[in-house]
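Only heavy atoms go into these numbers, but all of them, side chains included; no hydrogens, no water, no symmetry mates. Atoms within a ligand are numbered from 1 in the order they appear, just like the ligands themselves.
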Amino acid sequence: MAKDLLSILDPAKPVSGEKLARKLGISRQALHKRISSLRRRGYRIQGKQKAGYRILREPDRILLSRILNELKTRSFGKNLIVVEKTDSTQNEAKTLAEKGVSEGTAVLAEEQTAGKGRLGRTWESGRGGLWFSVILRPAFAPQKASLLAMAASVAVAKALEAGAKIRCRLKWPNDVLVETHKGAFRKISGSLVEMSAESDSIRWVVLGVGIDVNNSLPKDLRKTAVTLKEVSGRTIDRTALLLKVFSNLEAVYGAFVKRGFASFKGEYARRSILRRGMEVKLTDPSAHVKGKFSGFGNDGSIILALSEGKKSNFFAGDIS
Ligand code: BTN
């Protein structure tokens with residue numbers, strides 16, 4: 001990870017000017033310039049002659065120094081690249097994956113200009129959300145990779161529930177929803193899996209996660225989507241939320257690698273908006289199907305009882 005001033009400054013205690021300048025390999029004068037530039041960007045930095053510099057208030061930004069200090073994972077987010085703006089963190093992560101970076105490496109952007117959603121959709125990604133992609137190198141068969149998006153939705157739901165005291169529901173396959181009014185749900189997060197594979201083995205998976213946190217949503221999305229700030233009524237500490245998401249993701253992923261879908265099927269089904277017997281309309285690029293929901297397959301598919309009484313498994317598409 002590139003050393004920058006923000007990754008060395010510590011909100012918990014002052015760091016001496018001498019240490020900062022030494023770590024950055026710059027003069028004290030250059031350090032003062034960088035401190036002033038941060039102040040102009042909205043950071044409140046206390047400077048005391050003997051003690052040094054300490055961040056008192058940060059703008060709503062992901063703070064690398066905190067992540068380095070507080071991240072408890074083995075690999076997820078340990079190598080984290082934070083960029084101000086990019087087209088899509090999926091693209092950045094795919095380039096890194098091709099270069100051979102290790103599992104758990106992640107790319108996060110404060111803003112995406114061409115965020116990607118499922119099924120070729122665009123993903124609105126203005127400042128204030130959490131937009132990141134993690135590189136994975138699982139040893140399982142390529143057919144199982146799409147379940148990683150379902151695993152991610154459980155990890156995100158648990159992080160949101162713990163951090164903001166809300167209850168999340170899941171819409172198959174990978175949408176995380178929040179109940180905004182009785183019986184009315186809006187989407188708060190989605191995840192996307194892209195991979196490079198041979199016929200029977202995976203070279204890399206890039207798992208992208210988008211969470212609407214403190215960002216503002218464009219008008220056309222406000223009926224179907226919601227931010228965590230709106231549902232909780234306060235500005236969210238995105239760094240804390242990211243730390244929680246990384247640790248949940250690592251745990252859910254680790255269990256999935258060992259035990260497959262069974263490892264999180266219960267947690268998924270419990271939060272699912274689908275209940276047995278519910279009328280479901282499934283739309284995928286090639287077909288529209290109607291049926292009664294009769295459960296999740298062990299491969300992450302949904303099982304629908306069709307009108308002819310026959311049961312079928314479906315692996316992709318949108319449900320309503
Ligand atoms: C969906 O629900 O359609 C999936 C949304 C995935 C969005 C995330 S944001 C970070 C990563 N970069 C992207 O371009 N997309 C994913």
Self-check item: Aromatic contact, Phe261 with Phe256 (centres under 6.0 Å)
Solution: no
Practice problem: Using a strict 4.0 Å threshold on nitrogen-to-oxygen distance, state whether Arg137 and Glu103 make a salt bridge. | Solution: no
Would you mind listing each N/O atom of ligand 1 next to any protein N/O under 3.5 Å, plus the distance?
unit_1   : atom_1 : unit_2 : atom_2 : d
ligand 1 : 2 (O)  : Lys187 : NZ     : 2.7
ligand 1 : 3 (O)  : Arg118 : N      : 2.7
ligand 1 : 12 (N) : Thr89  : OG1    : 3.0
ligand 1 : 12 (N) : Gln112 : OE1    : 2.9
ligand 1 : 14 (O) : Ser88  : OG     : 2.7
ligand 1 : 14 (O) : Gln112 : OE1    : 3.4
ligand 1 : 14 (O) : Lys116 : N      : 2.6
ligand 1 : 15 (N) : Lys116 : O      : 2.8

Exercise. Sorted by first residue and then second, give each ring pair (Phe, Tyr, Trp, His ring centres under 6.0 Å) pair with at least one member in residues 52-77; sequence neighbours left out.
Key: Phe76-Tyr253
Which pairs would a plain distance check flag for residues 293-306, meaning a side-chain donor or acceptor within less than 3.5 Å of a matching protein atom at least two apart in sequence or in another chain?
unit_1 : atom_1 : unit_2 : atom_2 : d
Ser294 : OG     : Ile303 : O      : 3.4
Asn298 : OD1    : Lys265 : NZ     : 2.9
Asp299 : OD1    : Ser301 : N      : 3.2
Asp299 : OD1    : Ser301 : OG     : 2.6
Ser301 : OG     : Asn313 : ND2    : 3.0

Quiz item: Thinking salt bridges, do Arg186 and Glu179 make one under a 4.0 Å N-O criterion?
Solution: no
Quiz item: With sequence neighbours left out, which residue pairs that include part of residues 191-228 fulfil the ring pair (Phe, Tyr, Trp, His ring centres under 6.0 Å) condition?
Solution: none
